Structures are given as structure tokens and as C-alpha cells.
Amino acid sequence: GYKSIRIPITWEQRIGAAPNYTLDAAFLTRIQEVIDWAISANLYVMINVHHDSWSWVSTMGSDHDSVLNRYKAVWTQVANKFKSYSNKLVFESINEPSFSGVDTARQYVLLDELNTSFKTIVRASGGQNTTRPLVLPTLQTGSTQENMDELNLTLTKLNDPNLIATVHYYGFWPFSVNIAGYTKFETDTTNDVIQTFDRAYNSFVAKGIPVIVGEYGLLGFDRNTGVIEQGEKLKFFEYLTYYLKQKGITHMLWDNGQHFNRTTYKWADQDLFNVMKAGWTGRSATAATDLIYLKKATVIKDAVIPLSLNGNQLASISVNGTNLVKGQDYDLNGAVLTVKASQLTKLTASGQLGVNAVLTAKFNKGADWKFNVTTYSTPILSNIQGTTSAFAIPTVFNGDKLATMEAVYASGGNAGPQNWTSYKEFDYTFAPSYTTNEIKLQTVFFNEVNDGNVILKFHFWSGEVITYTLTKSGSSIIGKVS
């Protein structure tokens, strides 16, 4: 269902010596082969100068002429190579440009120089390049108003109807990496989407300049897609794709291989793909949570969950393909779903810890929403001794899952990296392992922890909070249940 593909290209190792900077012919042929495959698949194709932006183009402030000449040589050869191609092929001047050793004002000047030379070279090469769509980035492909205003100055100066602006988007940073307690898709994260793309719309789209979000995703995905809880992740992607469509902005998913398997052609997370696909034409319904936690050996109560129907209607709720009975197994009052205690009791009758059942809510439009019905007991952490290079707390999770961790000194103040917050970055500083039954504290966490006592609070998705004390002395760590 995708209509376009962005192919990031690293040219550095394929550029010959000055003054000609001749590109390796075999590599150009390989690029042509990949482009041909994509166009044969009826895709629009965007190619660029990608990783070079920080490997050598970033030195333009101190090595201006050499960098500019090299950059011009690359685009001169690429433009000539592909000037007979249709407008299904799009050129992007450079990926995430930034320039080291110079202030922001100078960086804007250098980027304008690159973008201007790129446009001039491509247009002068003739053929289809005289009208080919060309994509120009903001500084760092960032979405601040100043960055957009500066690109607008360049676009106005170039006065070319076939230019496109591009920015990248990885969400509100604390949510995007799961830090500072931003475990849920909440108001700040929603507002960041709105404010970012209102700026993009007002700066470009409203003035007749198309915008491509050349990359989007969540930064935590660079570590693993489990950094963000599944339901919260789905809500982010649902809202983002919806809002971009509202603003008439094209978006391109960034995939390091964590989403789509390039040998089996399967999605790693089919539910995530379903939400993104539904967002191309409309909206999907979501819920306040996808988690229903029931504590073992306690009285089971109704689960009351607000829905965000987003203009849709609930069609059915099923378990393993069998529809539940409305009024008997669940009720819907407006946009509030109640799963009856009697049904939850049946679903968890085995008494086993962990996910006992998955409720699938189907709607008249959009993707399904799934609720994980989980039986749990309070997690149990154990005392342990270790070192700053190898420390893991033995943990019996008892069906629960870890949401976040706080770290503070017993004497006061936040401990560990990014000490402006007590809530540490998920996976970067700590990581639960449900296969080995432990919570690992990473070396980077201890690198910024002073000797003495540190109080940890582990927050679980069930609502349980477990307190644990560390005593650090040099590289030695003693951990005890508080």
C-alpha cells in the first residue's frame, strides 16, 4: 500500500580524489538498479546525500571550498546519470544537515548555499531535471519555526514551483524515549504533534509548498520497539498519521529493519502496520489502555475503560474468534466500555500468571484494538551484589511488566544520567528481561551515580511500585529490597 520509498545513500567511500571527485561507476550502476526496481513497483523514489551530511559535509564551516566542490561534483554526476528518468524519481539535497564549529546563523548561510547549488546544478543538467521535484531540508531537518523560516527564505529566493520542503519527526522527546515519567501518550505528546505540524502547514503548505516528513517514528525504537508500551505506541502512530493527513503532509516511515523483515516480507508488528495503514484514509478507534490487570487471589471487578472512538462505532468484542455478548459479557455506555467481572473471571479461571486472554475490539472502520487480560501477583525483587559493569536484580515478575524506574539519592536529589528528572530513560539506563527474570542496570547508569545509597522505585504497569536500595562504593554495588 505504500506509494513512495526514500533510499538513503552514503557516497563518501565512492567518491574519487579532487578535483574531479569521480563517483564509482559500479556503485552508480547499483543505485540505478535499485531505483529501477522501485519504479517498476510503481513507487515514487527519493534519493539523497545521506550519511555524508555528518561524515564530511558537516566540516563545511572550516573547509568550505573543498566540501562545496565535492558536494557539487556528486550532484552533477547524479543529475546527469538520471536526467532521463520520469518525475517518479525525486532528488533530496541532503539528509539532516548540520555544520560543526560554527554558530546557528552561519549554519543557515551554509545550508542555503548547499540547497541553492543543488537546485542550480540539477536544473542546469537538462532533460527531466528541468522540472523534477526537488526536496530541500531545514537545518537538521528540524521543525522549529526559525528553521522553517530560514528554509522559506531559500525557497522564496529560488522561486521554483517544483520544490518541496522536508522535516523529520520522532515525537515529543520524553515520550519518544520513555523518560521523565512519560510512559503514556498524553497531552504534552499530543500537543507536540499538533504544534509541529501546524507550524509546517502554516509555513509551507498554506503557501503552496508541499511538505514531506522524510522520516518519522519514535527514537526509542533505535534501542528496541518495546521501549514504548504497545497501546501507547499505537495511539501515537494513529494520531500522528491522522493529523498529517489533516494537514496535507506526506509521511515516510523510518525503518532500520525493526518494522519490516526484508527477507520474509512480514511486518514485525502487524497491529502497528494496521494502524498506520488505516491512517492513510481515516482514523482508528483507540482506548485509554490496552492492559487489563487482575491481581491473583483478589476479588475481580468490572474493568471500565474509556474509548476514543474517533468517529467510529464498536462492532464487536471477541476472544479467540468467539464474539462476546453485549449486555452479558460487556457493556458500552457512550464511549465507555465495561468488561464484566463475570467474563474476566471466566477468562482467568486457569489462575496462571501472565496474559490469559486477548480481547479484540472491532469497529466499523479502522484497525482493531486489543486488550491483554493479565493475571499478576506483586513482583518480587531479590538482594544481589555486583559491579558497575555487571549488575542485574533477580526479579520474579509474576505476570507484571515494568513501566519505568525512578532513582534518587537517600540524602536527596536525583541520581543517574539526566538528573533533571528522577525517572530514568527506559533501556538506556535500565532494562527488564522477562526471559532471564532480571532487571538490568546499565553501566551508563552507574557512570553518573555517586557513592552512597540510592533509592530505586520500580513502577509496573499493574500499578505496583517496588522500592529497592542500592549501595555504591567505587565499582562495587550492593542491592537490597527496601
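Everything numeric here is computed off the predicted structure, so don't read it as measured data.
In summary, the side chains of Asp400 and Ser462 do present a donor paired with an acceptor at a separation below 3.5 Å, with no hydrogens or angles considered. Side-chain contact, Tyr108 with Asn147: a donor N or O sits under 3.5 Å from an acceptor N or O.
Salt bridge Lys340/Asp329: absent, no basic N to carboxylate O contact under 4.0 Å. Using a cut-off of 4.0 Å between Lys/Arg side-chain N and Asp/Glu carboxylate O, Arg6 and Glu92 are scored as salt-bridged.
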### Query
Stepwise, does the side chain to side chain contact (heavy atoms under 4.5 Å, CB included) test hold for Leu294 with Val373?
CA-CA 8 Å; Leu294 306 170; Val373 181; 3.9 Å; yes
### Residues Thr338, Asp302; criterion side chain to side chain donor-acceptor pair (under 3.5 Å); working and verdict
CA-CA 6 Å; Thr338 300; Asp302 292 349; 5.8 Å; no
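Checked against Phe273 for a ring-ring contact (aromatic ring centres under 6.0 Å, His included), the options Tyr265, Trp267, Phe237, Phe260 give a single hit: Trp267.
Geometrically, Lys3 does not engage Tyr44 in a cation-pi contact, judged by NZ or CZ lying under 6.0 Å from the ring centre and within 45° of the ring axis.
Not counting sequence neighbours, the partners of Tyr376 by the ring pair (Phe, Tyr, Trp, His ring centres under 6.0 Å) test are Tyr293. Among residues two or more places apart in sequence or in another chain, the side-chain contact (heavy atoms from CB on, under 4.5 Å) test is passed with Thr387 by Ser389, Ala390.
In this structure, the ring of His459 has its center less than 6.0 angstrom from the ring center of Tyr423.
Pairs engaging residues 219-234 under the side-chain hydrogen bond (donor to acceptor under 3.5 Å, both in side chains) rule: Lys184-Glu232, Asp222-Asn256, Arg223-Asp427, Asn224-Asp427, Gln230-Lys233, Gln230-Asp269, Glu232-Lys235 [sequence neighbours left out].
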